[in-house]
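Labels below follow one simple rule: chain letters A, B, ... track the order of the sequence lines, proteins then strands, and each chain is numbered from 1.
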Amino acid sequence: MASSRRQYPFHLIEPKWQQTWEQQQAFRAFNPGDSVPNGHPFGVRHDLSGKVADRKVLPPKFYILDMFPYPSGAGLHVGHPEGYTATDILARYRRAQGFNVLHPMGWDAFGLPAEQYAVKTGQHPRKTTEENIANFTRQIKSLGFSYDWSREIATTDVDYFKWTQWIFLKLYNSWFNPVRNKAEPIETLEYPPELRSAGVGQASRLSQTPNVSSEDRDRRDACPTDLEAARRAYRDSKRLAYKAMAPVNWSPDLATILSNEEVEEWESKGFKIERKQMPQWMLRITAYAEKLLTDLDTIDWSDSLKEMQRNWIGRSEGAEVDFAIADCQLPIADSKIRVFTTRPDTLFGATYMVLSPEHKLVPQITTAEQKKAVEDYQAYAASKSDLERTELAKEKTGVFTGAYAINPVNGEKIPIWIADYVLASYGTGAIMAVPAHDERDFEFAKKFNLKINIVVTPPESWLRAHALPALKTEALSELQRMWSEGAIDANNNVLTDAFAKAPAFCDEGFVCNSANSEISLDGLPTAEAKKKIAAWLEEKGLGKKTVNFKLRDWLFSRQRYWGEPFPIIWKKDVAGNLYHEALPESALPVLPPTLEDYKPTPDGQPPLARAKDWVNLPDGSMRETNTMPQWAGSCWYYLRYLDAKNANAFVGKEAEAYWMGAGQLNELNELHGERVKSGSGPHLTDLTNHPFNSTPGVDLYVGGTEHAVLHLLYARFWHKVLFDLGYVSTPEPFFKLVNQGLILGEDGQKMSKSRGNVVNPDDILKEFGADAFRLYEMFMGPLQDTKPWSTKGVEGVYRFLGRVWRLFVDEKAQTAFEQAETTAATPNQELLDHILLDGAITDDAATPAQLKTLHACIKKVTEDLDGMRFNTAISAMMEFVNAALHWQTKPLAVMKTFLQLLAPFAPHLAEELWARLHSTFGQRAPSLPYGAWPKFDPALLVESEIEIPVSVNGKMRDVIKVAADADNAALETAAKASEKIKAFIDGKPLKKVIIVPKKMVNIVVG
RNA sequence: GCGCACGUGGCGGAAUUGGCAGACGCGCCAGACUUAGGAUCUGGUACCGCAAGGUGUGAAGGUUCAAGUCCUUUCGUGCGCACCA
């Protein structure tokens, strides 16, 4: 039911232009070396029609990227078109400015829902995926976006995931060289001395090689029995893709593991997730932690997004310190416990030590008396998921191991505890506890009655606020003395009153009670004490400065069917031990097998293990049965778009250099300087405004904030590896990134089925058309903001488009059209021929006032587009239309220019009116999308007479009209001459007159 | 708790570097045209006041001739992280 009369026939106009664009391949982007078809509007614009577009003649590039969607069964929601419309408007704007715009779309198509559906129904996930893609395609195309569909990709395409597997091979066959600080082919990895020559059994000494971390040692569960195996193990331990036992997030419901980053999402959906040790493929993202952190400074992302990545990477500087185990019966290598601390300056205050329950030394150091308690506690800790651990974190728990360590600075024997507030996966899995200066240690020490030694004196304000009430003294020096003696007097386990009531002091202060016969930190500020103690520890071989990251290596395998199979096979060595080997590139793509049943095997193997013929190869080796996570495909899709059909490489070198290349400005000025000056190329300002010198990679990337730490961190990591290996030319993939804000329901709540406030884009399109939908999404407010949906608001912009229509169209012809339409059997585009232009549109010259209105609009729209302020750009066009509706005559040139401004926002309507405007005047319509963007003429905006506000004592009292070039004296005279102003200043002594030329006058009186 | 962002009419939001607060749109009020209006057009619309005028950008201070904008304190909202030693 048509609830109300259509504002204009968008139902005919929109399909018409979408068909036209598709037939023309109007938005195809040309790579260096492509032939530009004769008559293609891009070729016509850039003088490349029918020519080969080599690198030297192509205009500068602009790469505008959307985060490609996961094609879910639910179809598009209103959040998708928000970002897509913003990028489409900018793509059309840059195209009009003369850039070669790359604006592609594709599908992040692997994913669990299609697989779950397959498990339930037996329908192949590919079929489900393709149906969903078809629906998404229909919806997205109906919005009239100017995507280059010839570059469409899906991560599930064989031709696509072949290259995902290829990149995995690059990761597998590379290591991170710490000396050169970059990834290199594994062949450049030198073996340690003991592996260079023959010598069976020497490999076991690896465990003492200083720069092999404890993780590396854990990784080798089986002792190599010959040199070859030892070498293989060594290499495997260094690869960027490696196999390791890892604590994983196992979901018994999903029968797969999840990355740390994914846990929350699935847990919130009600899936159970447990911690479990399993062998998994890992990607060594931690090798890039430092680069991923520091390179954030080189890219144009929002502060909050950068901050999220910084938090996730979690860099902290500190020191590792070794604590000897007292009365130790263990072999030398294990007789000490290493801890990581950010506060080595408080080492004298370390009164006990805590290991994570999973720490590998726990069984060895635990005394017989404590054995049962310790094992019970370990079982208790293992039974809790990460979520439970944090939720139950209110009360500290732990048990004493019975063992003691020696504090290296004062020789004190301190008890070793285990507690789950110490995480196995961070630092060394062990801490020195300084209860006086760490809240968690303080809480633990109070609960278990452990000794608390004060080693930092707080500033006076803190002392007075927290310690004074109990200490009962006013003198600062006395206060400090009593404070610093407070805990020592405590008979080793009884707190003084002063201390019991104060919280732990965890900030920086001045060190006290920290001296031995060799070193004293007393009196030093925290920062200096850190340096001094670190130097001393290093000199004594007791520890060293280190940097720690929260970031862990990326758990890269999943026990699923619907993902990229690994290009890896497993073989047995002479001793019968399994080892892995990469397939050669010629073996790619590795296709998943055909299955009848997509469930995991009954014995818990991934679904791929069901395909015995596929798994077992003729030579006796076996295929890897894990698959890659969904994130793999999205790590590099922006590169495939550059050269989507390339059968020989993941991306061609020339295409990559052109679209991703940085530092183009000089080259471009040289290449285009002449054309810029002659006006045929992009405007010079367009080039210089565009930061080519610093723009590596994608010029603009728009998407939701939900990918702040997952996709965006993973993609940056892969890109950096590819950069190190010489496959891409920039260190960062996405130069500028903008997060679109969430669209809430009409009620201000997040849209959800259960609330019944979900807006379906198809419904909006049907009632208001694509142009109105696009316009509304942009008019709602700033792109980045969270904002509620309002269908009334859609009607508002829809009415605006109706006013645009009526600005151009003859009223009687419109009535004739409507009558013809009601009698027509089916809607058809020929009905549009009833439409005639308003007779007020003439070829006459524009009046100065009309030009001023137009150029104010050009200026505002252009500036707002540069700043991505779409909402105010639309306001500016509304103002133009509101003014133009009152014009007696509507000059053709003015109306054309307005349509060019409107075109990026409402392209269908603009095209229709553009075409009619030209045909009515017997002109051949040049391409609207490739027409040069209008330039505003500042001279036209200059006023001869301007209005100036006049204030008295800072309060606005009147507005005076003066000549635009009036000098200060004239302004002052005019201001004082105002009757209203006189009323406020007469009879009062004049103190001061402030005049800002062309802005305001402020008269200050007594 | 820590970090980041942000508080402006009945609502979404404007206000480039401190310089006429509330552009534009929604809603609402009045009118015009109409058999009709959920179409269209015109006018009005921050608050108090008949008016002159006064008051207003979460709150309280401060800087300034001038503050939504800068500074301090405080309250509130959203997002992220959360025993990371």
Side-chain angles (χ1 to χ4, degrees), chain A residues 3-7 264 302-312 314-316 318 339-343 346 354 356 389-390 392-394 396 419-423 425-434 437-441 443-444 506 548-552 705 708-709 739 741-742 748 775-776 779-782 784-797 799-800 802-803 806 811 860 863-864 867 869 871-879 882 885 947-959 983 991-996 998-1005:
Chain A
S3 54
S4 62
R5 203 181 108 178
R6 267 189 209 95
Q7 288 277 345
E264 197 186 328
S302 71
D303 287 343
S304 62
L305 186 54
K306 285 185 181 183
E307 203 55 29
M308 275 191 240
Q309 292 225 337
R310 287 194 192 105
N311 286 341
W312 193 264
R315 183 182 195 275
S316 48
V339 302
F340 172 73
T341 177
T342 55
R343 295 293 301 270
T346 62
V354 187
S356 67
R389 269 199 190 190
T390 49
L392 301 173
K394 287 163 191 110
K396 291 268 180 299
D420 68 359
Y421 82 91
V422 175
L423 307 175
S425 49
Y426 182 77
T428 61
I431 61 155
M432 64 178 215
V434 184
H437 305 293
D438 181 283
E439 271 177 46
R440 298 150 301 178
D441 298 343
E443 197 189 321
F444 192 81
C506 305
N548 238 300
F549 294 95
K550 279 201 283 189
L551 185 70
R552 325 274 164 74
T705 185
V709 283
N739 282 129
L742 216 57
L775 213 57
Y776 175 65
F779 190 61
M780 292 170 82
Q784 296 88 336
D785 288 7
T786 297
K787 46 216 174 266
W789 181 267
S790 158
T791 299
K792 282 284 182 195
V794 187
E795 287 173 25
V797 289
R799 279 201 284 267
F800 162 66
R803 285 202 299 280
R806 292 189 292 278
E811 226 182 294
K860 183 76 177 143
E863 287 171 356
D864 284 350
R869 295 179 296 266
N871 53 335
T872 48
I874 293 167
S875 306
M877 290 188 287
M878 288 173 167
E879 287 179 272
N882 290 343
L885 279 166
E947 293 190 331
I948 300 281
V950 181
S951 313
V952 178
N953 289 349
K955 285 195 191 218
M956 214 280 288
R957 296 299 183 184
D958 196 13
V959 174
K991 275 192 176 169
K992 204 175 187 183
V993 179
I994 288 119
I995 295 168
V996 182
K998 297 186 185 218
K999 275 274 166 75
M1000 50 76 61
V1001 176
N1002 188 15
I1003 300 172
V1004 186
V1005 292

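- Comparing atom distances between the A:Phe779 side chain and each of B:G25, B:C65, B:A23 picks out B:G25 as nearest.
- Residue contacts for A:Lys999: at a heavy-atom cut-off of 4.0 Å it reaches a base atom on one of the strands shown.
- Atom C1' of nucleotide B:C26 and atom CE of A:Met878 are separated by 10 Å, given to the nearest angstrom.
- Between A:Asn311 and B:A82, a side-chain N or O to OP1/OP2 separation shorter than 4.0 Å is absent.
- Straight-line distance from the NZ atom of A:Lys998 to the P atom of B:G19: 18 Å, rounded to whole Å.
- For the pair A:Val339 and A:Ile431, the tightest heavy-atom approach, listed with the atom from each and the gap, is CG1-C, 3.6 Å.
- Among the atoms of the strands shown, none is found under 4.0 Å from any heavy atom of A:Ser951.
- Atom C1' of nucleotide B:A82 and atom CG of A:Leu551 are separated by 17 Å, given to the nearest angstrom.
- When atom types are taken as modelled, the side chain of A:Tyr776 and the backbone of A:Thr791 share no donor-acceptor pair closer than 3.5 angstrom.
- Here the nucleotide nearest the side chain of A:Asn882, chosen from B:A85, B:C24, B:G27, is B:C24.
- Nucleic acid contact class of A:Lys792 (heavy atoms, under 4.0 Å, all strands): sugar-phosphate only.
- Following rounding to the nearest Å, A:Asp303 (CG) and B:C81 (C1') show an atom-to-atom distance of 17 Å.
- In the set B:G19, B:G80, B:U16, the nucleotide with an atom closest to the side chain of A:Met1000 is B:G19.
- Among the atoms of the strands shown, only primed sugar atoms or phosphate atoms (P, OP1, OP2) are found under 4.0 Å from some heavy atom of A:Arg806.
- In a base pair of the Watson-Crick type (N1 to N3 plus N6-O4 or O6-N4) or a G-U wobble (N1-O2 and O6-N3), with each distance short of 3.5 Å, B:G7 is matched with B:C75.
- Distance A:Tyr776 OH to B:C26 P: 12 Å, rounded to the nearest Å.
- Ranking B:C83, B:C24, B:U40 by closeness to the A:Asp420 side chain, first place goes to B:C83.
- Counting any heavy atom pair closer than 4.0 Å across all strands shown, A:Thr786 reaches sugar-phosphate atoms only and no base atom.
- Of the candidates B:C81, B:A21, B:A15, the closest approach to any side-chain atom of A:Lys550 belongs to B:C81.
- For A:Met308, the listed nucleotide lying nearest its side chain is B:G80; candidates were B:A14, B:G80, B:C4.
- In this model, a side-chain donor or acceptor of A:Lys396 finds a partner on the base of B:C83 within 3.5 Å.
- Spacing between atom CH2 of A:Trp312 and atom C1' of B:A82 amounts to 11 Å, rounded to whole angstrom units.
- Picking from B:C24, B:G13, B:A39 the nucleotide with the shortest atom distance to the side chain of A:Arg799 gives B:A39.
- The side chain of A:Ser304 lies closest to B:C4 when the candidates are B:A39, B:C4, B:A15.
- A:Gln7 and A:Arg803 share no side-chain donor-acceptor pair at under 3.5 Å.
- What you find for A:Thr872 and A:Arg869 is that their closest heavy atoms are OG1-O, 3.2 Å.
- Across all strands shown, A:Arg803 has heavy atoms under 4.0 Å from sugar-phosphate atoms exclusively, and none from any base.
- With A:Lys787 contributing its side chain and A:Asp785 its backbone, the two residues share a donor-acceptor pair below 3.5 Å.
- A distance-only check finds no donor-acceptor pair linking the side chain of A:Asn871 to the backbone of A:Phe779 [under 3.5 Å].
- Between A:Thr705 and B:G80 there is no side-chain polar atom (N or O) within less than 4.0 angstrom of OP1 or OP2.
- To the nearest angstrom, P of B:G13 lies 8 Å from CE of A:Met780.
- Nucleic acid contact for A:Ser302: none, since no nucleic acid atom lies under 4.0 Å from a heavy atom of the residue.
- RNA chain B is contacted by both A:Asp785 and A:Lys992; A:Asp785 maps to the nucleotide lying nearer its 5′ end (nearest heavy atom per residue).
- Distances from the side chain of A:Val1004 to the nucleotides B:A15, B:C83, B:C65 place B:C65 closest.
- Between the C1' atom of B:A39 and the CD atom of A:Glu795 lies a distance of 12 Å, rounded to the nearest Å.
- Annotated as syn: B:G9, whose O4'-C1'-N torsion sits within 90° of 0.
- At a cut-off of 3.5 angstrom, the base of B:C65 holds at least one donor-acceptor pair with the side chain of A:Asn1002.
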